[in-house]
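What follows is one structure encoded as C-alpha cells, with my remarks underneath.
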Amino acid sequence: ARLAQQEKAKVEREKSEQEGTDKKLEKFRKAQEQAKKKKAAVEAKKLLTQITDCTNLVEMVCKSGHCSLETGAALASPLCAVQRLETLANVTEEADMREEEDAKKAVALLFEIRAALREGREQVNLANA
C-alpha cells in the first residue's frame with residue numbers, strides 16, 4: 001500500500017511539473033508572439049510612411065452615395081511597384097494594421113494588379129488555344 005501511495009505521489013508530482021513547464025512554455029510563446037507583432041508594427045509604420053508617394057495617387061471617388069478607389073494613376077506609376085505593395089500588405093497584416101488607410105489602398109492596388117495579371121494570362125491562354 002505504501003508503494004502504491006509513493007507511486008501515486010510521484011505521478012502527481014510529475015504531472016504538476018509538466019503543467020508548470022507547459023504554462024511557462026505558453027507564456028514564452030505569447031511573449032514571443034507579442035514581440036514579433038510589436039516589431040511588425042514598427043516595420044509597418046515605417047513602410048506606410050515610405051509608400052505614401054504611391055498611395056497619395058489613389059483617390060476616393062464618391063458618386064451617388066457609392067464610393068470607390070480610383071487607382072489608375074497609381075497603377076501607371078513606377079512608385080507603386082508590386083514588391084513594395086506586397087511587402088506592405090504582408091507586414092500590415094502581421095501587425096494587425098490592415099485598417100490603416102494607406103494599407104487599404106495598397107491592398108486595393110495589389111488586388112487590381114493581380115486581377116489584371118490573371119485576366120492577361122487568361123487572354124494569352126485563349127489566344128494560344
Side-chain angles (χ1 to χ4, degrees):
R2 187 173 180 193
L3 278 174
Q5 202 173 23
Q6 286 176 342
E7 186 63 32
K8 183 178 178 182
K10 180 182 174 187
V11 168
E12 286 179 12
R13 189 173 50 250
E14 288 173 353
K15 182 180 177 185
S16 177
E17 289 173 1
Q18 182 63 40
E19 287 173 354
T21 302
D22 289 347
K23 284 182 182 179
K24 288 178 185 176
L25 186 57
E26 183 61 31
K27 188 176 179 181
F28 173 75
R29 284 187 189 135
K30 284 183 180 180
Q32 194 175 33
E33 187 177 306
Q34 288 284 46
K36 186 177 179 182
K37 200 174 201 177
K38 190 174 183 178
K39 183 179 176 184
V42 169
E43 181 68 13
K45 286 178 185 175
K46 179 178 140 191
L47 290 172
L48 284 167
T49 59
Q50 290 176 351
I51 204 161
T52 55
D53 55 353
C54 167
T55 55
N56 285 342
L57 298 172
V58 178
E59 294 181 32
M60 179 71 76
V61 178
C62 295
K63 294 178 184 174
S64 305
H66 176 72
C67 295
S68 63
L69 293 175
E70 179 57 50
T71 58
L75 291 172
S77 173
L79 298 172
C80 299
V82 173
Q83 187 175 359
R84 283 179 84 192
L85 296 170
E86 286 178 339
T87 300
L88 177 67
N90 292 338
V91 173
T92 53
E93 183 170 330
E94 192 175 319
D96 283 337
M97 296 176 66
R98 287 285 228 163
E99 295 304 311
E100 295 285 326
E101 184 178 342
D102 284 342
K104 286 180 179 182
K105 289 178 179 180
V107 169
L109 286 170
L110 268 176
F111 176 80
E112 287 194 22
I113 291 168
R114 288 177 179 150
L117 287 171
R118 198 169 29 256
E119 187 177 311
R121 279 191 215 107
E122 288 171 4
Q123 293 296 326
V124 168
N125 289 340
L126 285 174
N128 289 336

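Along the sequence shown, residues are numbered consecutively beginning with 1.
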Open item on the list: If we ignore hydrogens and angles and just use 3.5 Å, is the side chain of Ser77 paired with the main-chain N or O of Ala73 as donor and acceptor?
Closed with: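 The answer is no, because no donor-acceptor pair under 3.5 Å joins these two groups.
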
Are the side chains of [Y] and [X] in contact, using a 4.5 Å heavy-atom criterion?
X      : Y      : answer
Glu7   : Val11  : yes
Glu59  : Leu69  : no
Glu122 : Arg118 : yes
Lys37  : Gln34  : yes
Leu47  : Gln50  : yes

Would you give me the side-chain donor-acceptor pairs under 3.5 Å for residues 99-117, sequence neighbours excluded?
unit_1, atom_1, unit_2, atom_2, d
Glu99, OE1, Lys104, NZ, 3.3
Glu101, OE2, Lys105, NZ, 3.4
Asp102, OD1, Thr55, OG1, 3.0
Lys105, NZ, Thr55, O, 3.4
Lys105, NZ, Val58, O, 3.4
Glu112, OE1, Thr71, OG1, 2.5
Glu112, OE2, Thr71, OG1, 3.0
Arg114, NH2, Glu86, OE2, 3.3

If you measure from [atom1] on [X] to [atom2] on [Y], what distance do you get to the nearest 0.5 Å?
X     : Y     : atom1 : atom2 : value
Lys10 : Glu12 : NZ    : CD    : 13.5 Å
Asn56 : Ile51 : CG    : CD1   : 10.5 Å
Glu43 : Leu88 : CD    : CG    : 9.5 Å
Glu17 : Arg13 : CD    : CZ    : 7.0 Å
Gln18 : Asp22 : CD    : CG    : 4.5 Å

- [ ] Answer yes or no: does atom CD of Gln83 have more than 12 heavy-atom neighbours from other residues, nucleotides or ligands under 6.0 Å?
- [x]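 12 or below, so no.
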
Open item on the list: Are there over 12 heavy-atom neighbours, none belonging to Glu33, within less than 6.0 Å of that residue's CD?
Closed with: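 12 or below, so no.
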
TODO: Compare every heavy atom of Ala44 with every heavy atom of Thr92, then report the nearest pair and how far apart it is.
DONE: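 Distance-wise, the nearest heavy atoms are CG2-CB, 3.9 Å.
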
Task: Hydrophobic cluster membership, Val42 vs Met97, 4.5 Å side-chain cutoff - done: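 No, Val42 and Met97 fall in different hydrophobic clusters.
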
